[in-house]
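Just so it is clear, the values below take in all heavy atoms, side chains as well, and ignore hydrogens, waters and symmetry mates. In this text the structure is predicted, and so the values were computed from the model without any measurement.
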Amino acid sequence: MNLQDFFDNETEQPLDRLLTDGGYTAIFRTIACIGDSLSSGEFEAMGDDGNRTYHDMYEYSWGQFIARMCGSKVYNFSQGGMTAKYYCEKFADERGYWNSEYAAQAYIIALGVNDVLQKIEMGTVDDIDLADRRNNRQTFAGYMGQIIQRVKEIQPRAKIFLMTMPRSADEHDGEIKVHRDIIYQLADTFDNTYVLDFYQYAPIYDSAFREKFFMHGHMNPMGYLLTAQMTASYIDYIIRHNCDDFKEVGFIGTDLHA
């Protein structure tokens with residue numbers, strides 16, 4: 001085994017190795033997934049009357065597929081239709097997700113689809129008051145900043161992974177690029193924060209992709225499993241290429257240091 005090829009391969013891209021066992025993502029024994037329907041294993045059903053119904057089936061979420069891959073405890077802090085605004089203003093408080101009992105070693109935040117569709121102002125990281133999150137502007141960037149700030153209040157040393165939206169062959173590509181820019185700004189603003197750039201490295205979600213991995217407007221079981229494999233593979237890549245950042249993961253949530 002050539003460890004240099006495994007850990008220091010400068011030509012490797014994040015999804016060159018599609019893992020089925022989670023790889024080094026398994027160093028996180030607790031993971032929280034903050035997201036919308038695509039983080040909730042949501043399926044669309046069609047009734048006899050032709051109307052669609054929507055069902056969050058969390059056991060099919062990519063988070064729970066990662067849990068089974070890695071043997072880790074994974075929380076679904078997600079729901080169909082979720083926006084960063086709704087998460088901050090109502091959902092997390094009602095569910096108690098800011099409580100320390102739900103503190104995790106790693107957080108994967110995959111929000112933005114509904115924010116774009118609902119035309120919520122995207123903003124910039126200038127909307128974030130690093131001294132007092134309560135002063136953040138009511139933009140997507142401001143709410144995302146608030147989520148990260150509150151996570152850091154309950155688990156200061158947690159590792160945070162922010163997911164961009166994948167490319168798609170539709171009219172929203174320009175807005176998806178704006179979202180991606182904000183995700184990178186957030187990662188530059190906060191420590192222990194990394195980008196899972198699905199826009200750059202995931203397959204294009206075109207008609208051929210959707211035929212295999214979607215059921216109406218949401219993914220099918222194969223799609224959620226593929227997303228889990230891509231997410232875990234990307235995190236594994238980040239860990240292997242930044243080993244020094246992750247040496248003390250086992251001490252997250254304690255007062256211990258190496």
Side-chain angles (χ1 to χ4, degrees), residues 30-44 52-64 67 73-156 158 160-165 172 175-176 178-179 182-183 185-187 189-190 193 196 217-219 224 227 231:
T30 51
I31 301 170
C33 300
I34 298 174
D36 51 33
S37 59
L38 295 175
S39 299
S40 305
E42 183 163 301
F43 296 132
E44 288 185 37
R52 295 181 182 179
T53 57
Y54 301 87
H55 308 271
D56 287 343
M57 301 182 70
Y58 292 101
E59 283 301 297
Y60 280 98
S61 69
W62 51 260
Q64 294 309 315
K73 184 177 183 62
V74 176
Y75 299 111
N76 283 100
F77 297 168
S78 62
Q79 180 177 274
M82 188 64 63
T83 63
K85 174 183 172 70
Y86 186 72
Y87 191 87
C88 288
E89 293 187 349
K90 189 172 184 180
F91 184 74
D93 283 313
E94 287 185 344
R95 303 296 179 94
Y97 291 154
W98 303 128
N99 296 341
S100 58
E101 65 182 291
Y102 288 116
Q105 293 177 316
Y107 289 78
I108 306 171
I109 305 178
L111 288 168
V113 173
N114 292 305
D115 303 80
V116 167
L117 292 177
Q118 295 181 26
K119 305 296 184 183
I120 292 173
E121 182 183 353
M122 289 288 104
T124 72
V125 291
D126 292 336
D127 297 334
I128 300 169
D129 184 340
L130 295 175
D132 189 345
R133 57 176 167 75
R134 291 168 293 187
N135 295 328
N136 291 9
R137 288 191 63 231
Q138 295 180 349
T139 64
F140 173 75
Y143 285 118
M144 285 288 287
Q146 183 182 151
I147 292 171
I148 295 171
Q149 288 167 299
R150 296 201 70 171
V151 163
K152 287 181 170 294
E153 289 172 10
I154 63 173
Q155 193 73 287
I160 300 169
F161 300 92
L162 307 178
M163 189 182 294
T164 71
M165 288 183 275
H172 294 293
E175 295 163 300
I176 291 172
V178 172
H179 172 271
I182 293 171
I183 293 300
Q185 291 173 23
L186 290 164
T189 300
F190 295 100
T193 304
L196 305 177
H218 291 81
M219 287 188 163
Y224 289 119
T227 303
T231 302

Using the rule given for side chain to side chain contact (heavy atoms under 4.5 Å, CB included), can you reason through Thr83 versus Leu111, listing the C-alpha separation, both sets of side-chain angles and the distance that settles it, and then say yes or no?
CA-CA 6 Å; Thr83 63; Leu111 288 168; over 6 Å; no

Using only atom types and a distance under 3.5 Å, with no angle test, would you say the side chain of [X] pairs donor to acceptor with the backbone of [Y]?
| X | Y | result |
| --- | --- | --- |
| Asp36 | Gly81 | no |
| Asn114 | Met82 | yes |
| His179 | Met122 | no |
| Ser40 | Glu42 | no |
| Thr30 | Lys73 | no |
| Asp115 | Ile120 | no |
| Tyr58 | Gly63 | no |
| Gln185 | Thr124 | no |

Distance-minimising heavy-atom pair for [X] and [Y]:
| X | Y | answer |
| --- | --- | --- |
| Phe91 | Ser78 | CZ-O, 3.8 Å |
| Gly145 | Ile128 | CA-CD1, 3.7 Å |
| Gly142 | Asn136 | O-ND2, 3.0 Å |
| Tyr75 | Ala103 | CE1-O, 4.5 Å |
| Phe43 | Met219 | CD2-O, 3.4 Å |
| Ile182 | Ala141 | CG2-CB, 3.9 Å |

Looking at [atom1] of [X] and [atom2] of [Y], how far apart are the two atoms once the value is rounded to the nearest 0.5 Å?
| X | Y | atom1 | atom2 | value |
| --- | --- | --- | --- | --- |
| Glu89 | Glu94 | CD | CD | 11.5 Å |
| Thr189 | Asp126 | OG1 | CG | 8.5 Å |
| Leu38 | Asp56 | CG | CG | 10.0 Å |
| Gln118 | Phe140 | CD | CZ | 12.0 Å |
| Phe161 | Ile109 | CZ | CD1 | 11.0 Å |
| Glu44 | His218 | CD | NE2 | 5.5 Å |

Can you list the steps and then say if Val178 with Val116 is a side chain to side chain contact (heavy atoms under 4.5 Å, CB included)?
CA-CA 10 Å; Val178 172; Val116 167; over 6 Å; no

Stepwise, does the side chain to side chain contact (heavy atoms under 4.5 Å, CB included) test hold for Thr193 with Leu162?
CA-CA 7 Å; Thr193 304; Leu162 307 178; 3.7 Å; yes

Could you name each residue pair satisfying salt bridge (Lys or Arg N to Asp or Glu O under 4.0 Å) that touches residues 130-144, not counting sequence neighbours?
Glu121-Arg137, Asp127-Arg137, Asp132-Arg134, Arg133-Glu153

Could you check if a side-chain atom of Tyr143 sits within less than 4.5 angstrom of a side-chain atom of Gln138, using non-hydrogen atoms only?
yes

Could you check if a side-chain atom of Ser39 sits within less than 4.5 angstrom of a side-chain atom of Ile34, using non-hydrogen atoms only?
no

Relative to each other, are the rings of Trp98 and Tyr87 parallel, tilted or perpendicular (30° and 60° limits)?
perpendicular

Looking only at side-chain N and O atoms, does Gln64 offer a donor or acceptor that is under 3.5 Å from a partner on Tyr224?
no

Heavy atoms of other groups near Tyr97 OH, more than 12 under 6.0 Å:
yes

What about Phe77 and Tyr102, are their ring centers closer than 6.0 Å?
yes

Could you walk me through whether Val74 and Ile108 pass side chain to side chain contact (heavy atoms under 4.5 Å, CB included), step by step?
CA-CA 10 Å; Val74 176; Ile108 306 171; over 6 Å; no

